[in-house]
Amino acid sequence: MEAISCSRVNLPGSTLRNTNHRSSLPCHQTRISMSTCSNSSDGQAYTVSCSNPTDKQSGIVSGSYLRGPLQKRDLSGKTFCSLGVCTYTGTGSSSESHSHAAEERVGVLLLNLGGPETLHDVQPFLFNLFADPDIIRLPRPFKFLQRPLAQLISVLRAPKSKEGYASIGGGSPLRKITDDQAFSLKKALDAKEMPVNVYVAMRYWHPFTEEAVQQIKRDRITKLVVLPLYPQFSISTTGSSIRVLQNICREDAYLSRLPISIIQSWYQREGYIRSMADLIEKELQSFSRPEEVMVFFSAHGVPVSYVENAGDPYRDQMEDCIHLIMQELKSRRICNDHTLAYQSRVGPVQWLKPYTDEVLVELGQKGVKSLLAVPVSFVSEHIETLDEIDREYKELALESGIENWGRVPALGCNPTFITDLADAVIEALPSATAMKTPSMDSEEEDPYLQPQP
Ligand SMILES: C=CC1=C(C)c2cc3[nH]c(cc4nc(cc5[nH]c(cc1n2)c(C)c5CCC(=O)O)C(CCC(=O)O)=C4C)c(C)c3C=C
Ligand SMILES: [Fe+2]
């Protein structure tokens with residue numbers, strides 16, 4: 001594999017590893033502090049040199065990722081957690097889940113968003129979401145408004161959200177799907193002779209990160225791989241979850257010494273790209289003229305300011321991801337037209353464009369008759385696939401002149417995908433190092449989550 005070089009945003013004092021490159025596009029430049037990196041000739045063991053002059057040696061986060069721009073920032077914050085940790089330890093007790101070395105107990109921590117399990121949970125779930133300073137980014141002098149604003153917005157938005165959740169069965173399916181993915185991942189790792197415990201940490205609903213972390217401590221895990229269930233990195237998703245984790249680790253003697261490897265993004269992995277292409281190829285067959293179908297990638301949006309002011313690599317990674325999926329399809333002689341748009345905007349600010357609803361109308365006006373929607377920023381079914389895409393966008397598309405509509409299902413427990421995640425975990429394990437967290441500026445502190453019932 002050819003050598004590549006890149007510049008990237010760096011956490012203060014971070015040491016990062018990049019493994020398993022798939023292609024040779026240069027990493028993208030960001031605005032904050034930079035570090036340069038170059039890969040070894042075999043595309044493995046990709047080490048990023050640290051640019052922080054004051055703290056060159058300390059490894060804050062050890063990240064295994066493939067390529068592409070990464071957002072690294074000071075991750076700090078606080079969270080409250082409570083009941084319901086789900087751990088997959090196989091048939092035996094957790095202490096049986098050892099790695100090869102007698103005392104080594106490997107844990108995998110899956111990070112996800114979480115969702116309300118009942119309609120009663122919707123408003124407090126929304127409060128937690130809007131109280132996250134990575135979701136509503138207030139300028140420093142206005143940080144004190146975060147919680148009151150979260151309270152106000154959550155109360156105002158709750159009726160609309162409740163309608164959506166009511167229409168998909170009265171709650172989010174995310175917890176059940178994530179638990180199933182955790183179970184499948186554990187089985188896939190067992191099959192590769194890598195016995196692990198798999199934990200689930202949700203950002204805005206049960207089981208919260210702290211619950212998972214408590215279980216990790218009880219199980220006396222000796223090495224941890226952190227795997228966000230978001231293929232692409234965004235400040236608002238993976239970034240936010242890592243910040244919370246880092247904050248918990250900072251305050252805990254055991255956790256601050258625990259070797260941890262964080263997989264920051266994995267959209268470039270061959271197995272993921274192949275499994276997405278498989279789903280698209282299969283779904284295209286349900287159309288009478290598959291070659292005439294527009295492949296319509298719909299990604300969850302973020303406000304433009306994240307990308308343009310805060311250096312969020314989300315848009316670049318999303319575009320790169322679509323490119324890789326289309327390349328894979330082309331290699332199978334599937335050469336359909338395709339487009340990417342962003343859905344689910346909230347509030348009055350500018351979000352990434354083009355907007356899904358606007359593009360659907362335009363495509364209908366231009367005479368596109370068959371369209372296959374591909375949700376691409378998330379790997380489980382959730383409110384935005386089951387309600388927004390399947391109901392709202394489908395209706396809009398049909399009204400706009402599109403006659404044949406299809407939608408690719410989310411990956412869920414797709415075997416190719418889960419096996420690839422298992423490989424990602426195995427590749428990340430050797431780079432686990434203790435998470436030394438920066439001391440936190442009190443003004444940057446996360447507002448406390450609303451205590452849950
Ligand atoms: C990559 C995925 C996601 C990004 C990026 C993201 C950013 C983001 N989201 C909001 C606001 C809301 N998101 C909501 C639900 C929701 N968001 C994602 C994923 C991403 N969000 C998922 C998978 C879900 C669904 C969870 C489920 O229960 O099924 C909601 C609640 C639902 C609603 O009222 O629409 C809100 C609100 C912002 C503001 C944001 C970036 C800043
Ligand atoms: Fe969202």
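First listed ligand is number 1; within each ligand, the first listed atom is number 1. All heavy atoms count here, side chains included; hydrogens, waters and symmetry mates do not. Predicted model, so just to flag it, every value in this text is computed and none were measured.
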- [ ] Please check if the distance between the ring centroids of W266 and F417 is under 6.0 Å.
- [x]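 Yes - the distance between ring centres of W266 and F417 falls below the 6.0 Å cut-off.
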- [ ] Check the angle between the aromatic planes of W351 and H300 and answer parallel, tilted or perpendicular using the 30° and 60° thresholds.
- [x]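 Answer is tilted, since the angle falls between 30° and 60°.
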Open item on the list: I need the single residue from L255, L224, L258, V244 that forms a side-chain contact (heavy atoms from CB on, under 4.5 Å) with V213. Which is it?
Closed with: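 Answer to the side-chain contact (heavy atoms from CB on, under 4.5 Å) test with V213 among L255, L224, L258, V244: L255.
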Task: Numbering as shown, the atoms of ligand 1 that approach I135 to under 4.0 Å (heavy-atom distance) - done: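 This gives 8 (C), 38 (C), 39 (C), 40 (C), 41 (C), 42 (C) as the contact atoms.
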Would you mind checking which non-hydrogen protein atom is closest to [atom], with the distance to 0.1 Å?
| atom | value |
| --- | --- |
| atom 14 (C) of ligand 1 | E384 OE2, 3.7 Å |
| atom 42 (C) of ligand 1 | Y306 OH, 3.3 Å |
| atom 13 (N) of ligand 1 | H300 NE2, 3.8 Å |

- [ ] Any chance you could lay out the side chain to side chain contact (heavy atoms under 4.5 Å, CB included) test for S236 and Y230, step after step, and finish with the verdict?
- [x] CA-CA 11 Å; S236 59; Y230 307 99; over 6 Å; no
- [ ] Using distance alone, determine whether Y314 and ligand 1 share an N or O pair under 3.5 Å.
- [x]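 Y314 vs ligand 1: no N/O contact under 3.5 Å.
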Task: Test of proximity, W351 against ligand 1: N or O pairs below 3.5 Å - done: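 No: no nitrogen or oxygen of W351 is under 3.5 Å from one in ligand 1.
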Open item on the list: Regarding E388 and Y393, do their side chains bring together a donor and an acceptor under 3.5 Å, going by distance alone?
Closed with: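 Present: a donor and an acceptor within the cut-off.
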Open item on the list: Do N197 and Y199 pair up side chain to side chain, a donor and an acceptor below 3.5 Å, judged on atom types alone?
Closed with: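 A pair is found: one side chain offers a donor N or O, the other an acceptor, under 3.5 Å apart.
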Check each heavy atom of [X] against ligand 1 and say whether those closer than 4.0 Å belong to the side chain, the backbone, both or neither.
| X | answer |
| --- | --- |
| R157 | side chain |
| T237 | side chain |
| I136 | neither |

- [ ] Any chance you could measure E399, atom CD, to K394, atom NZ, to the nearest 0.5 Å?
- [x]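 Going from CD on E399 over to NZ on K394, the span is 12.5 Å.
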- [ ] Starting from the Fe ion (ligand 2), look over the N/O/S atoms of H300 and name the nearest one.
- [x]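 The closest N, O or S atom of H300 to the Fe ion (ligand 2) is NE2.
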